[in-house]
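Sequence positions, counted from 1, serve as the residue numbers for this chain. For ligands, and for the atoms within them, numbers begin at 1 and follow the listed sequence.
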Amino acid sequence: MLFKKERGLRELYQKDPEQAEAEILGLGNAISRRNFFKKGGSVLAMMLGAQIPFLGNLPKGFLPVALADTTEPFEIPGKNGLVVLNDRPLNAETPAHLLDDEVTPADRHFVRNNGLPPDLSNPADIAGWTLTVDGEVHKPLKLTLDQLRRFPKQTLQLTVECGGNGRAGFYPPAKGNQWTFGAVASPRYTGVRLKDVLEQAGLKSSAMYTGYYGKDLHLTGDPGRVPISRGTPIAKALAPHTLIVWEMNGKPLPTLHGYPLRLVTPGWPGSTSIKWLRRIWVRDRVHDGPKMTGYAYRIPKYPVEPGTHVPESDMAIIESMPVKSLITFPKSGLTHAKGQELIVRGHAWAGDLSVSRVDLSIDFGATWIQAKMKPLANPFAWQNWQTSVAFPSAGYYEVWARATDSVGTMQPMVMPGWNPKGYLNNAMHRIAVRVA
Ligand SMILES: Nc1nc2c(c(=O)[nH]1)N[C@H]1C(S)=C(S)[C@@H](COP(=O)(O)O)O[C@H]1N2
Ligand SMILES: [Mo]
């Protein structure tokens with residue numbers, strides 16, 4: 001297989017332009033440049049929306065600038081305005097100003113795949129879908145989708161953020177998807193409590209951790225390899241807001257988000273919310289599936305100097321995510337009329353905790369204005385907030401947002417604890433405002 005590690009299109013273009021061109025065409029492996037232009041010229045023209053009269057002169061390895069400059073060189077079906085960070089596996093984030101909805105619509109929900117989504121084109125795959133619950137249980141279960149629907153139904157707004165959201169802000173840089181701010185979402189999910197299902201299976205006293213398995217394929221395409229299998233301590237699995245869901249915003253889960261079934265572990269790294277869920281393995285020890293061990297989704301047990309090599313034995317699994325906020329209106333870079341108040345709004349969330357306040361600054365942190373928080377939909381929904389700010393004169397301003405959680409911890413202004421894989425960057429979000 002050609003792709004062992006994750007690799008973005010731009011990176012690929014630098015290293016292996018012919019392969020990149022082949023990837024654009026979805027041909028999967030290297031083809032000759034001559035062939036590329038024979039088969040590819042028309043595809044490229046379609047993507048650009050225009051013929052390329054001098055196609056033959058386009059230097060090897062030059063991604064047409066019209067594609068390189070746009071944040072979305074590929075259309076992801078069902079998505080609107082997302083920035084593609086990697087196309088294999090697919091990873092795409094939502095620009096902050098497109099996350100303005102109080103409840104995230106499906107077309108604005110970020111996508112984070114570690115492998116290849118399962119092929120569900122055969123209706124029998126869905127009709128025959130089962131969820132297995134085994135391991136440290138008295139009565140192993142194999143539930144059909146209909147059987148799952150018989151548990152008490154729950155609908156909740158739940159916030160899920162990728163553990164690597166904000167990675168782009170770390171220095172020295174960490175490898176992996178360079179998420180900026182947009183790998184977070186808070187849609188309304190419908191499903192059942194994981195707790196109710198685990199109780200039907202009857203947890204043994206040895207039940208300590210969960211291990212979730214989805215139906216997606218490893219990047220190599222090898223059906224014997226699992227792209228990701230993570231879980232949580234049993235207490236989080238039994239928490240009332242941890243759900244097995246089949247609907248997002250009142251509609252069947254979109255394919256990219258785990259149709260027909262996914263787990264949602266709100267407030268914890270998104271990687272514990274396994275999509276295309278088919279098995280829950282109750283463990284008598286900390287789960288050791290792919291991406292549970294080593295450096296994956298782990299941070300040093302103590303603060304380290306940026307760039308330090310940390311031994312694996314000193315890495316601890318990330319649990320609750322830190323307090324964070326986002327300014328979703330207005331879009332950064334606007335010009336605002338002098339003398340008029342500017343409405344600023346956004347969201348804040350705090351892992352397992354709640355948000356106690358959100359403050360804004362227009363003077364680079366010297367003074368702060370407390371934002372008004374709207375009523376919280378339910379625990380683990382994000383907290384919508386809004387306020388209006390007045391600027392004393394014309395000029396360049398930044399609006400900074402800082403959330404504080406229920407135990408008094410605030411977002412840092414600068415990069416928080418550096419860690420080898422670049423997780424948990426909850427530095428404040430800021431937008432630029434020109435007042436004229
Ligand atoms: N089966 C499966 N579940 C998965 C993943 C995956 O690659 N495969 N990615 C995880 C990660 S790292 C994140 S952040 C979330 C992203 O969910 P989304 O793609 O619905 O936004 O899904 C998690 N669940
Ligand atoms: Mo993630």
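Panel note: side chain Arg193, backbone Pro240; a donor-acceptor pair is recorded below 3.5 Å.
The side chain to side chain contact (heavy atoms under 4.5 Å, CB included) check on Asp314 picks up Tyr302, Val310, Pro311, with sequence neighbours excluded. Among residues two or more places apart in sequence or in another chain, the ring-ring contact (aromatic ring centres under 6.0 Å, His included) test is passed with Tyr189 by none.
The pair Asp100-Lys331 does not count as a salt bridge, with every side-chain nitrogen at least 4.0 angstrom from each carboxylate oxygen.
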Sequence neighbours excluded and cut-off under 3.5 Å, please list the side-chain donor-acceptor pairs for residues 149-158, or say none.
unit_1 : atom_1 : unit_2 : atom_2 : d
Thr155 : OG1    : Thr190 : OG1    : 2.8
Gln157 : NE2    : Glu102 : O      : 2.9
Gln157 : NE2    : Ser186 : O      : 3.2
Gln157 : NE2    : Ser186 : OG     : 3.2

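Judged purely by distance below 3.5 Å, without hydrogens or angles, the side chains of Trp400 and Asp359 never pair a donor atom with an acceptor atom.
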Pairs under 3.5 Å, nitrogen or oxygen of ligand 1 with protein nitrogen or oxygen:
unit_1   : atom_1 : unit_2 : atom_2 : d
ligand 1 : 1 (N)  : Asp216 : OD1    : 3.0
ligand 1 : 1 (N)  : Asp216 : OD2    : 3.2
ligand 1 : 1 (N)  : Lys275 : O      : 3.0
ligand 1 : 3 (N)  : Lys275 : N      : 2.8
ligand 1 : 7 (O)  : Asn114 : N      : 2.7
ligand 1 : 7 (O)  : Asn114 : ND2    : 2.9
ligand 1 : 8 (N)  : Asp216 : OD2    : 2.6
ligand 1 : 9 (N)  : Arg112 : O      : 3.2
ligand 1 : 9 (N)  : Asn114 : ND2    : 3.1
ligand 1 : 17 (O) : Arg262 : NH2    : 3.1
ligand 1 : 19 (O) : Arg112 : N      : 2.9
ligand 1 : 19 (O) : Lys275 : NZ     : 2.5
ligand 1 : 20 (O) : His257 : ND1    : 2.7
ligand 1 : 20 (O) : Arg262 : NH1    : 2.7
ligand 1 : 21 (O) : His109 : ND1    : 3.3
ligand 1 : 21 (O) : Phe110 : O      : 2.7
ligand 1 : 22 (O) : Arg262 : NH2    : 3.3
ligand 1 : 24 (N) : Ser273 : O      : 2.9

